Each structure stands twice: as structure tokens, then as C-alpha cells.
Amino acid sequence: MSRRAVLVALALGPFAAGCDDEGVDFERMIHQFRYDPYEPSQFFSDGKIMRDPPRGTVHRDQVIGPPELVTGLEEGGYLSYVPIPVDRALLTRGENRFRIFCATCHGELGNGVSQVAENMRLRPPPSLHEERLRNYPAGRLYRVIEQGYGLMPSYREELEVRDRWAVVAFVQALQLSQHVELAALSPELRKEAQSWLR
Ligand code: HEC
């Protein structure tokens with residue numbers, strides 16, 4: 001059988017019942033010569049079969065960057081500010097990620113009202129407007145996203161560094177939206193807010 005025919009026979013394997021595969025030595029492929037991990041070998045001059053990564057290689061999962069940006073910590077504790085420029089684009093991104101990854105449990109408004117919260121009797125996701133959480137420095141919110149907290153899983157894999165900060169900025173905006181002092185608003189916004197209060 002030609003090489004091509006063998007490949008086709010292998011690819012069709014499970015579907016090819018009745019096909020004539022006599023003469024194909026599958027055993028030989030299963031038991032071909034190979035090295036196991038950590039096995040010694042004369043092939044390379046250092047006697048190891050496993051290769052070291054080239055010097056300076058950075059693992060693709062390893063996040064590099066300024067420590068405060070990556071960890072949310074600075075000397076003496078949590079970072080008190082979002083370490084990237086907070087503009088509309090960042091907040092929009094944060095809102096988008098929040099609605100996908102956080103609102104399912106903490107609610108669209110961050111008030112802890114969600115179907116999941118109703119079903120999580122043990123320790124439901126808290127309202128992010130609780131005074132305790134409103135007082136969290138930015139770095140602490142970042143850590144909760146990055147590391148997880150108690151029953152809440154980490155969102156490190158789903159949200160890369162910039163997205164985590166975008167969510168932090170959005171959560172802070174959400175918190176402000178429910179608790180800002182009227183006096184702190186610009187005259188136009190104050191007028192708008194007062195029209196809702198009536
Ligand atoms: C699967 C449901 C779920 C999702 C999704 C979720 N959380 Fe949570 N979160 C929880 C639960 C449950 C707790 C309370 C954990 C505990 O006390 O053990 C919590 C706690 C928190 C806290 C308070 C931590 C503290 O120190 O008390 C913050 C802040 C928070 N979550 C933010 C977020 C953000 C931001 C996201 C989106 C990236 C998110 N959560 C996604 C379930 C969730």
C-alpha cells in the first residue's frame with residue numbers, strides 16, 4: 001500500500017470498517033523509537049534529551065510589566081489608583097467585560113441581584129455598593145479579580161491585565177453612580193440628577 005493510502009486508511013480508521021487494512025503495521029507506529037521525558041541521551045552534548053528554553057525566554061502565560069500594574073500592589077499595600085489612563089474607551093471596555101464576567105453573579109447594576117445570587121445560598125455574591133466594598137482601593141478590587149476571593153473564582157484567565165483594570169474602573173464608576181455627592185457634580189449633571197430625584 002502506498003504511503004498516501006496508509007495515511008488515508010489511518011484518517012478514516014473508525015469509519016473504514018470493511019476496508020482492507022491488511023498489511024498496515026499499526027503496531028510499528030505505536031511502538032516506535034522515542035525518548036521519555038528526562039531520559040538521558042547521547043544525542044545532545046549536555047547528555048539530556050529535554051532542551052532548555054533559550055536564555056531570556058518568556059513563558060507566553062507570564063505577565064511582565066511594572067509590578068503595580070500586574071499585581072495591583074505597591075509598597076505598603078494595595079494600589080490606591082488605576083495605573084492606566086481612565087478614559088471613556090477604558091470604561092466602555094470595562095462595562096462590556098463586567099456585563100459578561102461579573103454581572104451574571106453580582107447583577108447588571110452590581111447590586112448583588114441575579115439568578116445566580118438567588119441560588120448561591122451559602123455566601124451569595126455581595127452588592128458592590130456595600131460601604132465596605134466602596135472603600136476598597138483600586139488595587140484591592142484588582143486583586144479580587146486576579147486571585148478570586150473565597151467562593152468567587154479568579155478571572156485571571158478570562159481577563160488580561162488591561163481588562164482587569166478596565167473592570168476595576170467600571171466598578172468604581174458604578175459605585176460612584178449610586179453614591180456621589182450632588183455637590184461634586186458639574187452644574188449640568190447636577191441639574192439632570194435633580195430632575196430624576198423629583
Ligand atoms: C460565579 C459568580 C461570581 C462571578 C461571576 C463574580 N463574582 Fe465576585 N463574588 C462572588 C461571590 C460568591 C463572592 C463572595 C465570596 C465569599 O465571600 O466567599 C464575591 C465577592 C466579590 C467581591 C468582594 C470581595 C471581598 O473582599 O469581600 C468583589 C469586589 C467582587 N466579587 C467583584 C467581582 C468582579 C469585579 C467580577 C467580575 C470580574 C466578579 N466579582 C465576578 C461571586 C462571583
Side-chain angles (χ1 to χ4, degrees), residues 2-4 6-14 24-106 110 116 125 128 133 136-175:
S2 73
R3 215 179 118 157
R4 177 173 291 224
V6 171
L7 288 177
V8 169
L10 281 176
L12 294 178
V24 183
D25 186 359
F26 287 109
E27 283 302 303
R28 201 162 57 100
M29 297 196 69
I30 293 166
H31 299 293
Q32 51 191 314
F33 180 75
R34 64 178 166 78
Y35 281 103
D36 284 331
Y38 300 102
E39 220 177 292
S41 155
Q42 297 310 310
F43 188 76
F44 295 108
S45 56
D46 61 4
K48 302 188 293 187
I49 194 57
M50 285 168 74
R51 302 290 71 215
D52 292 328
R55 270 164 69 100
T57 302
V58 176
H59 193 279
R60 67 194 285 272
D61 289 339
Q62 184 184 337
V63 180
I64 48 171
E68 70 276 10
L69 179 77
V70 175
T71 63
L73 301 174
E74 60 184 347
E75 224 174 293
Y78 295 111
L79 204 62
S80 58
Y81 57 93
V82 174
I84 52 177
V86 179
D87 51 17
R88 184 167 286 277
L90 192 79
L91 287 174
T92 306
R93 175 72 179 168
E95 176 181 18
N96 170 278
R97 298 293 98 177
F98 179 89
R99 295 180 79 172
I100 295 172
F101 292 110
C102 317
T104 32
C105 291
H106 291 278
V116 178
L128 301 175
L133 299 180
Y136 267 17
R140 186 152 187 190
L141 292 172
Y142 177 92
R143 297 288 285 185
V144 172
I145 299 172
E146 200 234 345
Q147 311 257 310
Y149 179 85
L151 294 182
M152 175 184 148
S154 154
Y155 283 85
R156 192 188 301 131
E157 301 299 331
E158 292 80 359
L159 300 168
E160 46 103 11
V161 171
R162 201 184 146 77
D163 279 347
R164 294 174 208 157
W165 286 116
V167 171
V168 169
F170 178 71
V171 167
Q172 290 189 320
L174 204 58
Q175 291 174 329

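Starting from 1, each residue takes its place in the sequence as its number. Here the structure is a predicted model, which means the values were calculated and not measured.
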Closest heavy-atom pair and its distance - [X], [Y]:
| X | Y | value |
| --- | --- | --- |
| Cys105 | Pro125 | O-CG, 3.3 Å |
| Phe98 | Val167 | N-CG2, 4.2 Å |
| Val161 | Leu69 | CG1-O, 3.6 Å |
| Gln172 | Leu141 | CG-CD1, 3.9 Å |

Chi angles and distances behind the side-chain contact (heavy atoms from CB on, under 4.5 Å) call for Arg164, Val70: CA-CA 10 Å; Arg164 294 174 208 157; Val70 175; 5.6 Å; no
Heavy-atom side-chain proximity of Glu146 to Leu159 below 4.5 angstrom: no
Heavy-atom check, side chain of Arg51 versus side chain of Asp46, under 4.5 Å: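 Of all side-chain heavy-atom pairs linking Asp46 with Arg51, at least one is under 4.5 Å.
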Point-to-point distance, once rounded to the nearest 0.5 Å, from SG of Cys102 to CE of Met152: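 It comes to 6.5 Å.
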Residues forming a side chain to side chain donor-acceptor pair (under 3.5 Å) with [X], sequence neighbours excluded:
| X | value |
| --- | --- |
| His31 | Glu27 |
| Arg156 | none |
| Arg55 | none |
| Arg140 | Tyr136 |

Considering only distance and modelled atom types, tabulate donor-acceptor pairs under 3.5 Å from the side chains of residues 85-96, sequence neighbours left out.
residue	atom	partner	partner atom	Å
Asp87	OD1	Ala89	N	3.4
Asp87	OD1	Leu90	N	2.9
Thr92	OG1	Arg88	O	2.7
Arg93	NE	Asp163	OD1	2.7
Arg93	NH2	Asp163	OD1	3.4
Arg93	NH2	Asp163	OD2	2.8

Tyr142 and Trp165 aromatic ring geometry - parallel, tilted or perpendicular at 30°/60° bounds: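 Rings of Trp165 and Tyr142: parallel, under 30°.
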For residues 73-83, dump all side-chain donor-acceptor pairs below 3.5 Å to protein atoms at least two apart in sequence or in another chain.
none

Ring-face cation of Arg97 near Phe170 (centre distance under 6.0 Å, axis angle within 45°):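 No cation-pi geometry.
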More than 12 heavy atoms from other groups under 6.0 Å of CD on Gln42: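 No.
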Exceeds 12 heavy-atom contacts within 6.0 angstrom, atom CD of Glu39: yes
Gln175 side chain to Leu133 backbone, donor-acceptor under 3.5 Å: yes
